[in-house]
Number of protein chains: 2
Amino acid sequence: MELHQLRYVLAVARAGSFSRAAEDLYLAQPSLSVQIRKLEKELGIALFDRLGRRVVLTAAGEEFVAHVQQALAHLDRARAGAAAVRSLQGGRVSIGVLPSVGAGLMRCDCVWRLLPRRDGSASCSWGTGRRSR
Amino acid sequence: MELHQLRYVLAVARAGSFSRAAEDLYLAQPSLSVQIRKLEKELGIALFDRLGRRVVLTAAGEEFVAHVQQALAHLDRARAGAAAVRSLQGGRVSIGVLPSVGAGLMRCDCVWRLLPRRDGSASCSWGTGRRSR
DNA sequence: TTACGTTACGCGACCCGTAAAGATC
DNA sequence: GATCTTTACGGGTCGCGTAACGTAA
């Protein structure tokens with residue numbers, strides 16, 4: 001059971017056809033068919049009913065797909081979280097303070113709040129609402 | 001991002017060490033290290049802090065692992081669902097009825113209730129509570 | 001010096017695409 | 001006969017294990 005196989009199952013279920021799903025996936029039909037069959041063999045059940053030129057999910061396949069959709073959604077969140085962290089890490093943080101007060105602030109262990117913006121940068125706030133890029 | 005890489009991440013996070021995680025996974029340490037590093041490169045962030053001989057999750061790693069655990073849990077449910085269906089499909093259903101009443105029963109479209117048992121077989125009940133293997 | 005993580009390299013497995021065969025309408 | 005799925009085969013990628021290196025306690 002591999003991730004690409006799961007994505008293939010969702011694509012076939014959505015397209016209702018192996019050939020159309022293969023187009024959506026930019027994949028050759030035989031490769032897709034082989035992977036689906038391999039997964040079905042591993043699971044020990046049929047995910048799809050091949051009805052001539054139509055392909056529909058079996059009852060077991062419906063349940064399987066529902067779980068897989070949940071799983072892939074969580075993985076997308078995991079990836080998105082990583083991307084968000086990366087964009088913050090990649091950005092530069094410039095801090096401007098008055099020497100008179102900065103000398104004290106920069107020494108203490110402060111909790112800086114990073115608020116991500118649409119463009120990938122972030123605003124940083126601390127305490128009184130002073131802001132800096 | 002592949003499934004085995006995600007499992008490896010969870011194993012390292014749980015063990016707190018690459019070498020111990022590799023043992024748990026029945027895997028050579030170098031293979032494990034390479035896969036983790038490959039995933040980190042793909043995500044663009046560090047999942048673990050290498051502190052000498054201790055390995056701990058970064059903040060981003062913690063969040064990532066949380067999502068991954070959810071995802072893998074859903075995949076386990078998907079697999080378990082398939083296994084349940086398989087055990088029912090694989091079993092044999094034998095039906096014994098008296099000819100006098102069976103002639104009528106076997107002709108009608110009945111809803112048969114399959115109750116899975118511990119040993120993989122299932123009991124089948126219909127209407128009055130008559131049972132058959 | 002010992003233990004642990006990393007890099008280098010050869011082997012085997014697996015996925016993909018092309019081509020041919022089978023099946024269904 | 002046309003369309004779609006399946007099977008067969010060759011090529012390239014990738015994960016794994018062994019071995020050697022770097023590094024911290």
Side-chain angles (χ1 to χ4, degrees), chain A residues 1-62 64-65 68 71-72 75 78-79, chain B residues 1-62 64-65 68 71-72 75 78-79:
Chain A
M1 185 160 109
E2 295 301 327
L3 276 183
H4 59 92
Q5 293 174 334
L6 302 179
R7 289 189 236 277
Y8 295 173
V9 168
L10 297 190
V12 172
R14 198 181 314 122
S17 153
F18 279 68
S19 54
R20 266 179 292 173
E23 288 180 12
D24 298 341
L25 295 167
Y26 301 101
L27 200 68
Q29 293 97 340
S31 305
L32 177 57
S33 184
V34 166
Q35 288 303 312
I36 297 290
R37 188 156 290 281
K38 187 172 185 178
L39 178 58
E40 288 179 323
K41 184 177 178 183
E42 177 184 340
L43 294 174
I45 63 170
L47 295 174
F48 296 97
D49 276 327
R50 279 81 164 173
L51 308 172
R53 65 183 53 192
R54 254 252 273 305
V55 173
V56 296
L57 282 169
T58 62
E62 292 268 12
F64 186 80
V65 162
V68 168
L72 294 188
L75 290 188
R79 226 190 314 256
Chain B
M1 185 159 108
E2 295 301 326
L3 275 183
H4 58 94
Q5 293 174 335
L6 301 180
R7 288 188 240 277
Y8 294 172
V9 168
L10 296 189
V12 172
R14 197 182 314 122
S17 151
F18 279 67
S19 54
R20 266 179 292 172
E23 287 180 12
D24 298 341
L25 295 167
Y26 301 99
L27 199 71
Q29 295 96 341
S31 305
L32 177 58
S33 184
V34 166
Q35 289 303 311
I36 297 289
R37 188 157 291 278
K38 187 171 186 179
L39 178 58
E40 288 180 323
K41 184 177 178 183
E42 178 183 340
L43 293 175
I45 63 171
L47 295 173
F48 296 98
D49 275 328
R50 280 79 165 174
L51 309 172
R53 66 182 51 194
R54 253 255 273 301
V55 174
V56 296
L57 282 168
T58 62
E62 293 269 12
F64 186 81
V65 162
V68 168
L72 293 189
L75 289 188
R79 227 190 315 256

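Remember, predicted model here, so these are calculated numbers, not experimental data.
Put simply, R37(A) has no side-chain N or O that comes within less than 4.0 Å of OP1 or OP2 on dT5(D). At dC4(D), none of the side-chain N or O atoms of S17(A) fall inside 4.0 Å of OP1 or OP2 (strictly under the cut-off). Put simply, S19(B) has no side-chain N or O that comes within less than 4.0 Å of OP1 or OP2 on dA3(C). OP1 or OP2 of dT6(C) has at least one side-chain nitrogen or oxygen of R50(B) nearer than 4.0 Å. Applying the 4.0 Å criterion to OP1 and OP2 of dT6(C), one finds that S33(B) has a side-chain N or O inside that range.
Out of dC4(C), dA8(C), dA19(C), the shortest distance to the side chain of P30(B) is found at dA8(C). Comparing dG5(C), dT6(D), dT18(D) by their closest approach to the side chain of F18(A) singles out dT6(D).
When rounded to the nearest whole Å, the span between CG of L25(B) and C1' of dG17(D) equals 15 Å. If you measure from atom CG of L39(B) to atom P of dC14(D), you get 15 Å, rounded to the nearest angstrom. If you take CZ of R20(A) and P of dT3(D), they are 14 Å apart, rounded to a whole angstrom. The CD-C1' distance, from E40(A) to dT6(D), rounds to 12 Å in whole Å. Per the geometry, CG belonging to L51(A) stands 12 Å off P belonging to dT6(D), to the nearest Å. Distance L32(A) CG to dC4(D) P: 14 Å, rounded to the nearest Å. The separation between Q29(B) atom CD and dA8(C) atom C1' is 16 Å, rounded to whole Å. The nearest whole Å value for the distance from the CD atom in E23(B) to the C1' atom in dC4(C) is 12 Å.
Nucleic acid contact for S31(A): base, since at least one base atom lies under 4.0 Å from a heavy atom of the residue. Using a 4.0 Å heavy-atom criterion, one finds that L27(B) contacts the sugar-phosphate atoms exclusively.
E2(B) and Q5(B) get closest at one heavy-atom pair: N-OE1, 2.9 Å. Heavy-atom minimum distance, F48(A) versus E40(A): N-OE2, 3.2 Å. For the residue pair R7(B) and L72(B), the shortest heavy atom distance occurs at CG-CD1, 4.2 Å. What you find for A21(A) and L32(A) is that their closest heavy atoms are CB-CD2, 3.8 Å.
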Check nucleotides 13-15 of chain C against the protein and report each pair of N or O atoms closer than 3.5 Å, with its distance, or say if there are none.
from    : atom 1 : to     : atom 2 : distance (Å)
dC15(C) : OP1    : K38(A) : NZ     : 3.2
dC15(C) : OP2    : K38(A) : NZ     : 2.6
dC15(C) : O5'    : Q35(A) : NE2    : 3.3

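We find the CG-OH distance between L25(B) and Y8(B) to be 6.5 Å, quoted to the nearest 0.5 Å. To the nearest 0.5 Å, atoms CG (L57(A)) and CG (L10(A)) are separated by 9.0 Å.
Under a 3.5 Å cut-off, the side chain of Q29(B) and the backbone N or O of A22(B) do not form any donor-acceptor pair.
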